[in-house]
Number of protein chains: 2
Amino acid sequence: MSTMTDARLPRYYLIRDELHKRILNGEWKPGELIDAESALADRYGVALGTMRKAIAQLVSEGFLERRHGVGTFVRRANFESSLFRFFRFTSASGERVVPESQILDLRVVPANEECARHLELSTGDELIAIKRLRLLEHKPVQFEEIYLPKTLFEPLLETPAESLPALLYPWYEECCDQVVASAHEELSVEKVSVEHAHLLGIETGDPVILIERLAHDIAGRPIEWRRSRGAAERFRYHIDIR
Amino acid sequence: MSTMTDARLPRYYLIRDELHKRILNGEWKPGELIDAESALADRYGVALGTMRKAIAQLVSEGFLERRHGVGTFVRRANFESSLFRFFRFTSASGERVVPESQILDLRVVPANEECARHLELSTGDELIAIKRLRLLEHKPVQFEEIYLPKTLFEPLLETPAESLPALLYPWYEECCDQVVASAHEELSVEKVSVEHAHLLGIETGDPVILIERLAHDIAGRPIEWRRSRGAAERFRYHIDIR
DNA sequence: TACTTATACTCCTATATAGGACTGTCAACC
DNA sequence: GGTTGACAGTCCTATATAGGAGTATAAGTA
């Protein structure tokens, strides 16, 4: 709770930290109304403008939300938003679609060197390994290999594979108490292997997009390593430069 | 944008519009220093805080950039995030290099439907079309097709192709008074054609990354349409989410 | 010449204050 | 009972003012 504030930092920033702490330690819960900015300014002994700047900071960081004439609220965590950058499938009508999931394999395996490195484990540590196809209109669009540290995802082993949902992250949260808060994605292209061509229903030698993806929890610990392959043909990615 | 200011809008927002106009109409060019905020506050007859808020708005929109103790500048496009940066173009010593340019063709052509659409011209309007190879240690790594509206780039036609630099945007700025202020890039993958395979020195059927880029001036008018192809093997894109 | 210092300019933080704009509630009215 | 309107509470805009912090340049000094 250190008020050992570094005096060289601006005041509004120190107050941002104080408020931030009160959110993180649960004093103000998601969705709740916090004190009025004028009250907070008094309470912290700063001018209104300074308090507003501190709050504005937290708003821009996504922790708070203001409603004119009503109050300032702790923002509900908004996962689901788009922790995926690539492979966002859209239907003919243009809206986002979640491909169905068909589990091909689910077993406990010892971590190989690559998985261990990414998940920050030791080679040989137990992992849950999932292989699955993602389908759109019953046609395969993606083949995924997913690796999870067994210690964190025990409940998954007591779940029949058929009842795992297509969207895994909400399920991780509900059943394993593991929240994915950030991710790193790497995209490359390869010529499809015979095995993958067969799974994806494309010609041998066609290009596939390979996405390697490491997901982290709030504390930044890696909790899921995933490799997805899909036909490159329809793939598009775009960015704006300013 | 327009001075038909709606008095119901906040003042700082109206001033944002005024400043925005001065940027768009070229009074302040990209990279240039604008007036001090105190001077602007006087000039527009508002308090300093109000002017700062207007400027903050434009900063967050990416039009301006502040430098403490120095001044406020019109922001230049930052190509750090360009998709091109994810091609592995490194010299033997390991540092990033700008591939050399070898012009294969430069001529005036009538716009086809696709170019006309992107550049917001009419089919048949005159374009300057450039085809060139990008080389690294004398080996081709990228093939580019570039289309420019002839009316904006006349000086280019009086320049011998050999003397065009590898980096064109600074040259556009210097010789044609055209500043690239933003761009849109789209990535896709294709199996290389026989022609491109030959140019790039790769096997027929190998995957290539196709990047299409539309560059705009400060007012948002399209000024260059570019299509680049490079071996997918050298390409690896990565991104942090959240 | 080479280094230090002054200084003048920039943006940045912070205060105190006044009133406007928006929202939800509750009492008064028809 | 349903509508209206006052009201209190919230965030929002705007002003005026003071001094701090960072930067570049020019003047002064060894």
Side-chain angles (χ1 to χ4, degrees), chain A residues 3-20 22-23 27-76, chain B residues 3-20 22-23 27-76:
Chain A
T3 318
M4 43 171 294
T5 54
D6 185 337
R8 287 168 304 181
L9 281 170
R11 238 166 145 175
Y12 76 87
Y13 203 85
L14 301 177
I15 288 178
R16 182 225 87 108
D17 284 352
E18 294 295 323
L19 301 182
H20 187 220
R22 292 178 76 172
I23 296 166
E27 185 179 341
W28 292 322
K29 297 204 170 55
E32 267 183 30
L33 178 69
I34 74 169
D35 302 350
E37 47 187 39
S38 55
L40 285 169
D42 287 353
R43 157 81 174 68
Y44 284 93
V46 295
L48 183 63
T50 306
M51 182 53 71
R52 277 183 61 73
K53 219 164 162 182
I55 291 172
Q57 182 73 30
L58 288 165
V59 168
S60 81
E61 293 172 43
F63 290 105
L64 293 176
E65 190 175 13
R66 313 175 105 142
R67 271 185 254 158
H68 191 169
V70 183
T72 306
F73 298 81
V74 180
R75 189 157 157 253
R76 292 176 193 285
Chain B
T3 321
M4 39 173 295
T5 55
D6 185 338
R8 287 168 304 180
L9 281 172
R11 241 172 131 132
Y12 76 87
Y13 204 84
L14 301 177
I15 287 178
R16 183 224 86 107
D17 284 353
E18 293 295 322
L19 300 182
H20 188 220
R22 294 178 75 173
I23 296 167
E27 185 177 343
W28 292 322
K29 297 204 170 55
E32 270 183 26
L33 178 68
I34 75 169
D35 301 349
E37 47 188 36
S38 56
L40 286 169
D42 288 353
R43 158 79 175 70
Y44 284 93
V46 296
L48 183 63
T50 306
M51 182 52 72
R52 276 185 61 74
K53 218 164 163 182
I55 291 172
Q57 182 73 30
L58 288 165
V59 168
S60 81
E61 291 172 45
F63 289 104
L64 293 177
E65 190 176 15
R66 313 176 106 140
R67 272 186 256 159
H68 192 169
V70 184
T72 305
F73 298 80
V74 180
R75 185 163 165 266
R76 304 186 64 101

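This is a predicted model, so every value here is computed, not measured. Residue numbers start from 1 in every chain, and the chains themselves are labelled A, B, ... in the order their sequence lines are given, proteins ahead of strands.
- No option in A:Asp35, A:Val46, A:Ile15 other than A:Asp35 meets the side chain to side chain contact (heavy atoms under 4.5 Å, CB included) test with A:Leu40.
- For the pair A:Arg75 (side chain) and A:Gly62 (backbone), a donor-acceptor distance under 3.5 Å is present.
- Rounded to an integer number of Å, the gap from A:Arg66 CZ to C:dC22 P is 16 Å.
- The nearest heavy atom of DNA chain C to A:Gly49 and to A:Gly69 marks one nucleotide each, and the one closer to the 5' end goes with A:Gly49.
- Rounded to whole Å, atom C1' of C:dA21 lies 17 Å from atom CZ of B:Arg11.
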Exercise for the section: Could you walk me through whether B:Glu18 and B:Leu14 pass the side chain to side chain contact (heavy atoms under 4.5 Å, CB included) test, one step at a time? Expected result: CA-CA 6 Å; B:Glu18 293 295 322; B:Leu14 301 177; 5.7 Å; no
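- Checking B:Ser38 against A:Thr50, the closest nucleotide of DNA chain C that is more toward the 5' end is the one next to B:Ser38.
- Put simply, CG on A:Leu14 is 18 Å from P on C:dC12, counting in whole angstrom units.
- Where DNA chain D meets chain B (any atom under 4.0 Å from a heavy atom), the bounding nucleotides read 5' to 3' are D:dT13 to D:dT23.
- When side chains are defined from C-beta on, B:Ile23 does not count as touching B:Ile34, because their heavy atoms never get closer than 4.5 Å.
- For B:Asp35 and C:dC9, the CG to C1' distance is 14 Å, given to the nearest whole Å.
- A donor-acceptor contact under 3.5 Å links the side chain of B:His68 to the base of C:dC11.
- The side chain of A:Arg67 places no N or O atom within less than 4.0 Å of a non-bridging phosphate oxygen (OP1 or OP2) of C:dT23.
- For the pair A:Arg66/A:Arg52, a side-chain contact is recorded, criterion being any heavy-atom separation below 4.5 Å from C-beta on.
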Exercise for the section: Please lay out, stage by stage, how B:Leu33 and B:Arg67 fare under the test side chain to side chain contact (heavy atoms under 4.5 Å, CB included). Expected result: CA-CA 10 Å; B:Leu33 178 68; B:Arg67 272 186 256 159; over 6 Å; no
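- In this entry the distance linking CZ of B:Arg52 with C1' of C:dT10 reads 11 Å, nearest Å.
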